[in-house]
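Below is one structure, written out as structure tokens, with a few remarks after it.
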Amino acid sequence: IIFGAPGTGKSYTLNKEKDILIGQNDLNYERVTFHPNYSYANFVGTYKPVSYKDEDGKEIIKYEYVPGPFMRIYVKVLKNSKDKNNIQPFLLLIEEINRANVAAVFGEVFQLLDRDENNVSEYSIHATEDMKKYLMEELQCDEKDVAEIKIPDNMFIWASMNSADQGVFPMDTAFKRRWDFEYIGVDDEAAEI
């Protein structure tokens, strides 16, 4: 998490670092901005009504699992990991992470943030039934292959956070300790100041 006052270049810095990590391959990254109404359903995914046209061109509504940015990037990482000769880095970039209630937004994904010495999630979580079904369809695999979820070592989660704003949610210590923090202050040498 890069944090500091508004306007100090947090997003600019993350963009530069993103280009170093993944190059110009924008398929390997996703950016999301948290806000007070952002939820677990938005971030991870949930069943939602989706509009389709049937064979006769008539609009119909079906319910299906709609993945959020976390699940979309996670699926890309798992698809890439099938080709052991071409493992690529993937990045989920979260802007304004403390604008939402992060404990509620991350839900059980919170457990995956602890990484071991190989940078893989130290603890796994059990996939919900809707997650399993979605992952089995996307990855063309068996249920046993997606029963538990861990973040692999080539999936990165970076974030920005304003430290001097009103209307932000406090982060508990258990959440904070799972991140590395980097402070960006005001550049007193900048000509515009």
Side-chain angles (χ1 to χ4, degrees), residues 1-4 8-46 66-81 87-128 131 134-135 138-139 146 148-163 168-184:
I1 295 177
I2 292 183
F3 71 102
T8 54
K10 297 179 298 296
S11 296
Y12 175 79
T13 300
L14 286 172
N15 267 337
K16 281 182 19 185
E17 296 292 324
K18 170 193 73 84
D19 291 343
I20 293 168
L21 179 69
I22 64 168
Q24 297 302 312
N25 192 350
D26 285 343
L27 296 176
N28 287 16
Y29 118 100
E30 190 154 342
R31 178 186 300 267
V32 61
T33 302
F34 281 10
H35 54 79
N37 291 327
Y38 205 74
S39 69
Y40 175 87
N42 299 120
F43 185 60
V44 178
T46 190
V66 177
F70 175 84
M71 192 57 68
R72 286 192 299 265
I73 207 80
Y74 181 70
V75 164
K76 288 179 182 181
V77 169
L78 295 182
K79 286 180 177 179
N80 175 252
S81 68
I87 301 296
Q88 300 172 17
F90 289 80
L91 174 63
L92 175 58
L93 204 154
I94 303 167
E95 295 280 7
E96 309 284 350
I97 194 169
N98 59 334
R99 288 259 179 225
N101 180 349
V102 291
V105 171
F106 274 76
E108 74 274 2
V109 170
F110 173 87
Q111 285 298 115
L112 302 179
L113 298 177
D114 276 321
R115 305 277 188 123
D116 63 19
E117 64 278 354
N118 297 318
N119 288 324
V120 175
S121 291
E122 191 171 344
Y123 309 107
S124 62
I125 60 170
H126 293 284
T128 61
M131 274 184 204
Y134 173 73
L135 290 171
E138 288 293 315
L139 302 171
V146 293
E148 291 191 354
I149 293 176
K150 281 188 171 191
I151 296 176
D153 63 348
N154 61 326
M155 181 175 168
F156 299 86
I157 303 174
W158 296 349
S160 71
M161 177 174 109
N162 284 333
S163 56
V168 297
F169 285 84
M171 286 185 190
D172 62 39
T173 305
F175 186 80
K176 283 195 228 178
R177 78 164 183 79
R178 289 168 163 86
W179 297 84
D180 292 325
F181 282 82
E182 180 182 328
Y183 176 73
I184 295 184

State which residues pass side chain to side chain contact (heavy atoms under 4.5 Å, CB included) with Ala104; sequence neighbours excluded, sorted by chain then number. Asn101

Pick one: which of Asn28, Asn119, Val77, Val120 meets side chain to side chain contact (heavy atoms under 4.5 Å, CB included) with Met155? Val77

Glu108 and His126: side chain to side chain contact (heavy atoms under 4.5 Å, CB included), yes or no, with the steps? CA-CA 9 Å; Glu108 74 274 2; His126 293 284; over 6 Å; no

Interatomic distance, Glu96 atom CD to Met161 atom CE [nearest 0.5 angstrom]: 10.5 Å

Is it the case that more than 12 heavy atoms not belonging to Asp180 sit under 6.0 Å from its CG atom? no

Go through the structure and list residues passing ring pair (Phe, Tyr, Trp, His ring centres under 6.0 Å) with Tyr38, not counting sequence neighbours. Phe34, His35

Working to the nearest 0.5 angstrom, can you tell me the gap between Thr46 OG1 and Tyr134 OH? 13.0 Å

Using atom types as modelled and distance alone, determine if a side-chain donor or acceptor of Ser121 lies under 3.5 Å from a backbone N or O of Leu112. yes

Partners meeting ring pair (Phe, Tyr, Trp, His ring centres under 6.0 Å) with Tyr29 (sequence neighbours left out): none

The criterion is salt bridge (charged side-chain N to carboxylate O under 4.0 Å, His left out); which residues satisfy it with Asp172, sequence neighbours excluded? none

Distance, nearest 0.5 Å, that separates CD1 of Ile1 from OG of Ser163: 12.0 Å

Residues that Tyr12 engages under ring pair (Phe, Tyr, Trp, His ring centres under 6.0 Å), provided they are two or more places apart: none

State which residues pass side chain to side chain contact (heavy atoms under 4.5 Å, CB included) with Ile87; sequence neighbours excluded, sorted by chain then number. Asn80, Ser81, Asn154

Would you call Phe90 and Phe156 a side-chain contact if the rule is heavy atoms closer than 4.5 Å? no

Intermediate values then yes/no, side chain to side chain contact (heavy atoms under 4.5 Å, CB included), Arg99 and Thr33: CA-CA 9 Å; Arg99 288 259 179 225; Thr33 302; over 6 Å; no

Value rounded to 0.5 Å, distance of CG in Leu14 from CG in Leu93: 5.0 Å

Would a distance-only check, ignoring hydrogens and angles, find a side-chain to backbone donor-acceptor pair under 3.5 Å from Lys76 to Leu27? yes

For Leu92 and Phe70, run side chain to side chain contact (heavy atoms under 4.5 Å, CB included): C-alpha distance rounded to whole Å, both residues' side-chain angles, the deciding distance at 0.1 Å, then the answer. CA-CA 7 Å; Leu92 175 58; Phe70 175 84; 4.2 Å; yes

If the condition is salt bridge (charged side-chain N to carboxylate O under 4.0 Å, His left out), which residues does Lys176 pass it with, not counting sequence neighbours? none

Scanning both residues in full, the closest heavy-atom pair of Pro152 with Arg115 reads O-NH1, 3.3 Å

Sorted by chain and residue number, the salt bridge (charged side-chain N to carboxylate O under 4.0 Å, His left out) partners of Lys18 (sequence neighbours excluded) come out as Asp26

So, for Val44 and Val109, which heavy atoms are closest and what is the spacing to 0.1 Å? CG2-CG2, 3.8 Å

Atom CD1 in Ile149, atom CE in Met71: separation rounded to 0.5 Å? 4.5 Å

State the CH2-CD distance between Trp158 and Glu182, to the nearest 0.5 angstrom. 10.0 Å

Minimal non-hydrogen separation, Val75 against Leu139, with atom names: O-CD2, 4.1 Å

Checking Lys16 now: which residues fulfil side chain to side chain donor-acceptor pair (under 3.5 Å) with it, not counting sequence neighbours? none

Going by heavy atoms in the side chains, are Ile157 and Ile151 under 4.5 Å from each other? yes

Residues pairing under ring-ring contact (aromatic ring centres under 6.0 Å, His included) where one sits in residues 94-122, two or more places apart or in two chains, turn out to be Phe43-Phe106, Phe106-Phe175, Phe110-Phe175

According to salt bridge (charged side-chain N to carboxylate O under 4.0 Å, His left out), does anything in residues 28-37 pair up with another residue at least two apart or in another chain? List the pairs. Glu30-Arg72, Arg31-Glu95

Could you pull out all residues at least two apart from Arg178 that satisfy salt bridge (charged side-chain N to carboxylate O under 4.0 Å, His left out)? Asp114

Answer yes or no: is there a side-chain heavy-atom contact under 4.5 Å between Ile184 and Ile2? yes

Closest heavy-atom pair and its distance - Asn25, Gln88: ND2-OE1, 3.4 Å

Is Phe181 atom CZ crowded by more than 12 heavy atoms from other residues, nucleotides or ligands, each under 6.0 Å away? yes

